[in-house]
Amino acid sequence: MVAGALADAFLAAEGWHRDELTAAGYDVLGVERTYVGVAVGVALEAYPRAPVEAPRQLAAVLASAPRLVRLHDSRVPLRPVRVLLRRATAVHARPAVASRLLVDTLPELARELDLTVGRLLWLADTKGWNRHRGPTSPLHHHRHEWVQRPGRAPRLLEKPMAMLRRTQRTILDELLAAMPVHDAAHGFVASRGVVSSAAEHVGRPIVLSADLTAFFANVRAATVYGVFRSAGFAEPLAHVLTGICTHRVPPHVLTAMPPGGDPDQRTALRRALTEAHLPQGAPTSPALANLALRHLDVRLAGWAAAVDATYTRYADDLTFSGGDALAARPDAFLRGVDRIVTEQGHTLNARKTRVRRAGVRQSVTGVVVNERTSPGRREVDRLHAILHNCVVHGPASQDRDGHADFRAHLLGRIGWVGQVHPVRGAALMTLFAQIRW
């Protein structure tokens, strides 16, 4: 109760600074200098800016802060802290996102998603009941598939079943696609892609690249909830939508994890998958990841701007490029990147961090950027050889990885080359047309 009252008071304060928050705390608790002072310190340390759309999250942070808990417990037997006044937080206007899903009640949301309220709550599974069902239970909403990777921790594909996938697709098309993402985000964004990301780094003296580990698994439900709150949904509806778009992996799937990766990587992955997170395989996960990482993008863009550098992110690939200021101390700059990423709840893959100066081949998401954007010669030559062998020996001879749709796989690779270099893409397409399927 005290934590909730303080959270509401802080969010109703005139500003997010120590003096304003202290005055707001005194209003609801009286002049409890030590108690309010500690609470203000906890709030400012946890949130550089006011979490206007997350009052319950702020209350939870205050309620679990060790210093505040100890102080509260020590006061209870003698003179317990009492709430004198309960302030209501200001009602914030909804963002300018035009969507028929922006409704006020659960029945309205269910109707817009073409579901009954019961089915909507069943899909959301906010209590995590389905996680504890056996592997043959018909109640599970996801199919799971482990993908082994040589020398690395395996990847888990979490594929939503038909009803959940259809509901997620509606949320994506009717809501998430209309919400703005940071300018640095180029993956899964209309009119942006690998070429637009690479074009930002052409002809720079130095290019740095880094990679986030377990990208989707480390975007947790609390962050996704914040995205829906910022869209304008009331807390109960944001809670249900978060359940629809996140997933806790059942124990029987985790115990079936195949070998690969070091023990620390495997432990971290298992821990992330146990918590509610964005499932890799859901249509909503890429868009929600971009929206959830907006604060990370803001901080990294600011860190890059401090040395006159450029920052872009394509899914989990972070790229920075700049001039003399960045080239003088790239290691120190990357330590700052690692600190920011860690503070935002993610981890860098140290083995995939690269520093490339102008004298070597510089690439961004597979696109060479030394002088202009171009596909890597090695990649184009390899693809040309595969297509040639498909023409001569048949496509089955080249499908060594057993792709579910090898034809679509080749077309995707040719299309990627065509985006960067249309002439080479056209030549590869001519060769593809000669394959007898």
Count the heavy atoms of every other residue, nucleotide or ligand shown that sit under 6.0 Å from CZ of Arg339, and state whether that count exceeds 12.
-> yes
If the plane angle is over 60° it's perpendicular, under 30° parallel, otherwise tilted; pick one for Phe228 and Phe233.
-> perpendicular
So do the side chains of Val341 and Arg299 get within less than 4.5 Å of each other, counting heavy atoms only?
-> no
Of all heavy-atom pairs linking Pro160 and Gly281, the shortest is CD-O, 3.5 Å
Any chance you could lay out the side-chain contact (heavy atoms from CB on, under 4.5 Å) test for His141 and Leu123, step after step, and finish with the verdict?
-> CA-CA 7 Å; His141 300 314; Leu123 290 177; 3.8 Å; yes
Spatial distance of atom CZ (Arg248) from atom CG (Leu254) [nearest 0.5 Å] | 13.0 Å
Would you call the rings of Trp437 and Phe432 parallel, tilted or perpendicular, where under 30° means parallel and over 60° means perpendicular?
-> tilted
Do any N or O atoms from the side chain of Asn389 and from the backbone of Ala385 form a donor-acceptor pair under 3.5 angstrom?
-> yes
Given Glu275 and Arg220, is the salt bridge (charged side-chain N to carboxylate O under 4.0 Å, His left out) satisfied, shown in steps?
-> CA-CA 7 Å; Glu275 301 294 327; Arg220 304 297 173 80; 5.4 Å; no
Are any side-chain N or O atoms of Glu108 and backbone N or O atoms of Asp104, one a donor and one an acceptor, separated by less than 3.5 Å?
-> yes
Sole candidate of His201, Glu200, Arg204 that passes side-chain hydrogen bond (donor to acceptor under 3.5 Å, both in side chains) when paired with Thr310 = Arg204
Are there more than 12 heavy atoms of other residues, nucleotides or ligands under 6.0 Å from atom CZ of Arg166?
-> yes
Can you see which heavy atom on Leu102 is nearest to which on Ala231, and at what distance?
-> CD2-O, 3.4 Å
So CG of Leu109 and CZ of Arg100: to nearest 0.5 Å the spacing works out to 10.0 Å
Just say parallel, tilted or perpendicular for the rings of Tyr47 and Trp16, cut-offs at 30° and 60°.
-> perpendicular
Please state whether the rings of His239 and Tyr225 are parallel, tilted or perpendicular, taking 30° and 60° as the class boundaries.
-> perpendicular
Tyr311 and side-chain hydrogen bond (donor to acceptor under 3.5 Å, both in side chains): which partner among Asp183, Thr319, Asp297?
-> Asp297
For the residue pair Trp303 and Ala332, what are the closest heavy atoms and their distance?
-> CZ2-O, 4.4 Å
Sub-4.5 Å side-chain heavy-atom contact between Leu318 and Leu348 = yes
Just by distance, with hydrogens left out, do His186 and Ser197 show a side-chain donor and acceptor under 3.5 Å apart?
-> no
Side-chain heavy-atom pair Asn218, Leu212 within 4.5 angstrom cut-off = no
Count the heavy atoms belonging to other residues, nucleotides or ligands that lie under 6.0 Å from NE2 of His295, then report whether that count exceeds 12.
-> yes
Does the side chain of Leu410 reach to within under 4.5 Å of the side chain of Cys390, using non-hydrogen atoms?
-> yes
Contact check, side chains of Leu411 and Met429, non-hydrogen atoms, under 4.5 Å = yes
Flag side-chain contact, heavy atom, 4.5 Å: Arg356 against Ser209 = yes
First locate atom CZ of Arg294, then atom CE of Met179, and finally report the distance between them rounded to the nearest 0.5 Å.
-> 9.5 Å
In terms of heavy-atom contacts, does CZ of Arg149 have more than 12 from other residues, nucleotides or ligands at under 6.0 Å?
-> yes
Look up atom CG in Asp211 and atom NZ in Lys352, then write down how far apart they are to the nearest 0.5 Å.
-> 4.0 Å
Rounded to the nearest 0.5 Å, the OG atom of Ser285 sits from the CD atom of Glu158 at a distance of 8.0 Å
Heavy-atom check, side chain of Ile171 versus side chain of Leu241, under 4.5 Å = yes
So, the side chain of His277 versus the backbone of Ala221: is there a donor-acceptor pair under 3.5 Å, distance only?
-> no
Is atom NE2 of His140 surrounded by more than 12 heavy atoms (other residues, nucleotides or ligands) closer than 6.0 Å?
-> yes
According to the interplanar angle, ranging from 0 to 90°, do the rings of His142 and His144 count as parallel (below 30°), tilted (30 to 60°) or perpendicular (above 60°)?
-> tilted
Are the side chains of Leu106 and Leu121 in touch, meaning some heavy atoms are under 4.5 Å apart?
-> yes
Should we count NE2 of His409 as having more than 12 external heavy atoms under 6.0 Å?
-> yes
Atom pair CZ/CG of Arg229 and Leu237 - distance to nearest 0.5 Å | 9.5 Å
